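Accompanying notes for the structure given below.
Quick caveat: nothing in here was measured; it's all calculated off a predicted structure. Atom set for the values below is all heavy atoms of this structure, side chains included, hydrogens, waters and symmetry mates excluded. Atoms within each ligand, like the ligands themselves, are counted from 1 in listed order.
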Amino acid sequence: MTSGVVGALKLAVKAFTKKDDYVMIMKPVYYPFDASIQVNGRQIVECPLVFKDNHYECDFDVFEKQIIDHDVKMFILCNPHNPIGKVWTKDELYQIGTICQRHHVIVISDEIHMDFIYSGHQHVSFCNVNPSFGDICTAPLKTFNLAALQTPNIIIKMKLYVKNLNIKKMPQE
Ligand SMILES: Cc1ncc(COP(=O)(O)O)c(C=O)c1O
């Protein structure tokens, strides 16, 4: 548990990247994403979303090129995406995760708006797209208007890190 999703994003940036590393976000996006990178002395890389046929899309060639060009270490996903209201599909999330894995980019998925979906769409959690895909932030605060209770959850696939760090045993609590 954490007192805030934004605070958790800041902690994740600090924990998993080094000073001056590049962290990527898709623009336009919820404005504290910028701050979570900058207050830690990391650099922002933008992957601009493309407005096409009345909806936003990710240009996955640009997404991958930005990662390569800047040696990006972390990507903060907004799923569903605030402010454009995009509900990422399983296929899109798979592409995001696959590209990030190819370049060893850690993905943190902010899923705080998961319960606000227009009919005809379905929220797919990033961590459920593939067993090897990473961590998500959720909270009841948007759904039930409970921001003052400060009760978000960070769901971390610990085994993934144990495997990546080549640790043989899970740490004891
Ligand atoms: C995408 C997104 N993440 C996080 C938050 C805020 O989360 P918290 O108050 O837990 O930091 C908001 C609030 O609008 C949001 O839109």
*In chain order, what residues pass the side-chain hydrogen bond (donor to acceptor under 3.5 Å, both in side chains) check against S36, with sequence neighbours excluded?*
none
Would you mind writing out the side-chain donor-acceptor pairs for residues 9-18 within the sub-3.5 Å range, not counting sequence neighbours?
unit_1 : atom_1 : unit_2 : atom_2 : d
T17    : OG1    : V13    : O      : 2.5
T17    : OG1    : R42    : NE     : 2.8

Find all protein N or O atoms under 3.5 angstrom from an N or O atom of ligand 1 and list the pairs with distances, or write 'none'.
unit_1   : atom_1 : unit_2 : atom_2 : d
ligand 1 : 3 (N)  : D110   : OD2    : 2.5
ligand 1 : 10 (O) : V5     : N      : 2.8
ligand 1 : 11 (O) : V5     : N      : 3.2
ligand 1 : 11 (O) : V6     : N      : 3.0
ligand 1 : 14 (O) : K142   : NZ     : 2.7
ligand 1 : 16 (O) : N82    : ND2    : 2.7
ligand 1 : 16 (O) : H113   : NE2    : 2.9

*Distance only, no hydrogens: is a donor on one side chain within 3.5 Å (strictly under) of an acceptor on the other, for D91 and T89?*
no
*Do any N or O atoms from the side chain of Q66 and from the backbone of E46 form a donor-acceptor pair under 3.5 angstrom?*
yes
*salt_bridge(K19, D21) N-O dist < 4.0 Å*: no
*Got a sec, which pairs hit ring-ring contact (aromatic ring centres under 6.0 Å, His included) with one end in residues 18-56, sequence neighbours left out?*
Y22-H70, F51-Y56
